[in-house]
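Reckoned from all heavy atoms, side chains included, excluding hydrogens, waters and symmetry mates.
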Amino acid sequence: MSANAQEGPPVDTALVVSVDVSNSVDEGRYKLQMEGIAKALEDPGVIDAITGGSAGGILFSMVTWADTPSFVIPWIRIANKADALAAAKRVRSLPQQGGEFTCMTRMLRSANDKIVPQIPAKASRIIIDVSGDGPDNCNAEEPIDKVRNELVSNGVTINGLPILLDTPEDSALLPKAVPGGKPPLEQWYREHVMGGPSSFVLPALGYGDFERAIRQKFVIEVSSVASQKYSIATSGR
């Protein structure tokens with residue numbers, strides 16, 4: 001971390017919420033994602049998890065990404081209900097940004113090089129929350145596994161929220177479907193995105209299920225006890 005990165009009181013979790021806004025995300029899907037994140041921040045159970053840790057608060061930030069990542073909400077502290085409601089209001093006010101491709105590797109590289117080093121307080125856990133409805137299709141300059149592993153070596157946990165759609169997953173970029181196995185996109189997230197202590201993948205069954213999934217994910221991520229129990233049951237790593 002940079003010399004000026006630990007100025008504020010310590011926090012339990014520094015959470016980066018990164019959201020896919022590529023060309024598969026139309027206005028309706030964008031609103032479902034932003035409203036889902038905002039409602040999660042307003043949820044009493046999430047607020048209790050945020051404020052119930054030993055440090056009594058978290059740092060929160062947001063990235064939207066397609067061809068390039070945008071750091072749309074720089075680090076803010078959430079230590080009480082008013083902070084959480086203010087954060088939700090900021091999420092709802094974000095104008096839609098778009099792009100053509102799903103450049104997840106580029107987003108993770110930016111997080112490693114620019115966002116994580118600027119965390120403005122000591123955090124017990126650093127978590128990047130990655131959601132999207134497809135694999136990286138950007139012909140990245142470096143393998144996504146390399147960047148993921150670099151983040152993990154820097155003390156970051158990466159959790160995945162793949163948005164599973166009804167359309168057939170026959171992309172050459174995804175693993176082949178296995179009868180009785182996990183959906184190909186979920187499996188891709190497990191192999192190439194998830195990493196670090198207590199990491200997990202929690203899918204949303206379509207954009208309509210995003211609000212439920214992100215709310216559950218936030219509670220797990222900001223509550224260390226819940227995170228440990230959940231990861232043991234689901235991570236498979």
Inset, instruction - For residues Gln96 and Glu27, determine if any side-chain heavy atom of one lies less than 4.5 Å from a side-chain heavy atom of the other. - result: yes

Legend entry - Smallest separation among heavy atoms of Pro9 and Arg77, with atom names: O-NH2, 2.8 Å

Legend entry - Heavy-atom closest pair, residues Gln216 and Leu202: CD-CD1, 3.6 Å

Legend entry - Reported CG-to-CG distance for the pair Leu165 and Leu185, which is rounded to 0.5 angstrom: 8.0 Å

Inset, instruction - Look up atom CG in Leu205 and atom CZ in Arg212, then write down how far apart they are to the nearest 0.5 Å. - result: 6.0 Å

Inset, instruction - Please report the closest heavy-atom contact between Pro203 and Glu186, naming both atoms and the distance. - result: CG-OE1, 3.6 Å

Legend entry - Closest contact, heavy atoms only, Val222 versus Thr13: CA-OG1, 3.9 Å

Inset, instruction - Taking Asn137 for its side chain and Phe101 for its backbone only, find out whether a donor-acceptor pair lies under 3.5 Å. - result: no

Legend entry - Closest non-hydrogen atom pair, Met104 against Ile144: SD-CD1, 3.8 Å

Inset, instruction - Verify the cluster assignment for Tyr30 and Val72: are they in a single hydrophobic cluster under the rule of side-chain heavy atoms below 4.5 Å apart? - result: yes

Legend entry - Which atom of Arg109 lies closest to which atom of Lys146, heavy atoms considered: NH2-NZ, 3.7 Å

Inset, instruction - Check whether any side-chain heavy atom of Val130 lies under 4.5 Å from a side-chain heavy atom of Trp65, and answer yes or no. - result: yes

Legend entry - Under 3.5 Å donor-acceptor, Asn159 side chain and Asp129 backbone: no

Inset, instruction - Give a yes or no answer on whether the side chain of Tyr189 reaches the backbone of Gly132 with a donor-acceptor pair at less than 3.5 Å. - result: yes

Legend entry - same_hphob_cluster(Leu94, Val19) at 4.5 Å side-chain heavy-atom cutoff: yes

Legend entry - Between OG on residue Ser110 and CE on residue Met107, distance to nearest 0.5 Å: 9.0 Å

Legend entry - Aromatic Tyr207 / basic Lys31 pairing, under 6.0 angstrom, 45° off normal: no

Legend entry - Nearest-0.5 Å distance, CD of residue Glu211 to CD1 of residue Ile37: 11.0 Å

Legend entry - Value rounded to 0.5 Å, distance of CZ in Arg29 from CG in Asp20: 10.0 Å

Inset, instruction - Would you indicate whether the side-chain heavy atoms of Val193 and Val201 approach each other to under 4.5 Å? - result: no

Inset, instruction - Would you check if Arg92 and Met34 make a side-chain contact, meaning some heavy-atom pair closer than 4.5 Å? - result: no

Legend entry - Gap between atom CG of Asp43 and atom CZ of Arg215 - 0.5 Å precision: 5.5 Å

Legend entry - Close side-chain approach of Lys217 to Phe200, heavy-atom, < 4.5 Å: yes

Inset, instruction - Would you list the pairs meeting disulfide (SG to SG under 2.5 Å) in which at least one residue belongs to residues 33-134, sequence neighbours left out? - result: Cys103-Cys138

Legend entry - pair Ser131-Gln33: side-chain heavy atoms closer than 4.5 Å: yes

Inset, instruction - Could you label the plane-to-plane angle of the Phe71 and Trp75 rings as parallel, tilted or perpendicular, counting under 30° as parallel and over 60° as perpendicular? - result: perpendicular

Inset, instruction - Using modelled atom types only, decide if a donor and an acceptor are shared between the side chain of Arg106 and the backbone of Pro69 within a distance under 3.5 Å. - result: no

Legend entry - Side chain Asn154, main chain Val156, donor-acceptor under 3.5 Å: no

Legend entry - Whether Thr157 side chain and Ser199 backbone form a donor-acceptor pair below 3.5 Å: no

Legend entry - same_hphob_cluster(Ile76, Leu41) at 4.5 Å side-chain heavy-atom cutoff: yes

Sequence neighbours left out, cut at 3.5 Å: what donor-acceptor pairs do the side chains of residues 44-62 make with other protein atoms?
from: Thr51; atom 1: OG1; to: Ile47; atom 2: O; distance (Å): 2.9
from: Ser54; atom 1: OG; to: Asp12; atom 2: OD1; distance (Å): 3.1

Inset, instruction - Could you tell me whether the side chain of Arg148 and the main chain of Met194 form a donor-acceptor pair under 3.5 Å? - result: yes

Legend entry - Ser93 side chain vs Arg90 backbone, donor-acceptor pair below 3.5 Å: yes

Legend entry - Whether Asp133 side chain and Ile163 backbone form a donor-acceptor pair below 3.5 Å: no

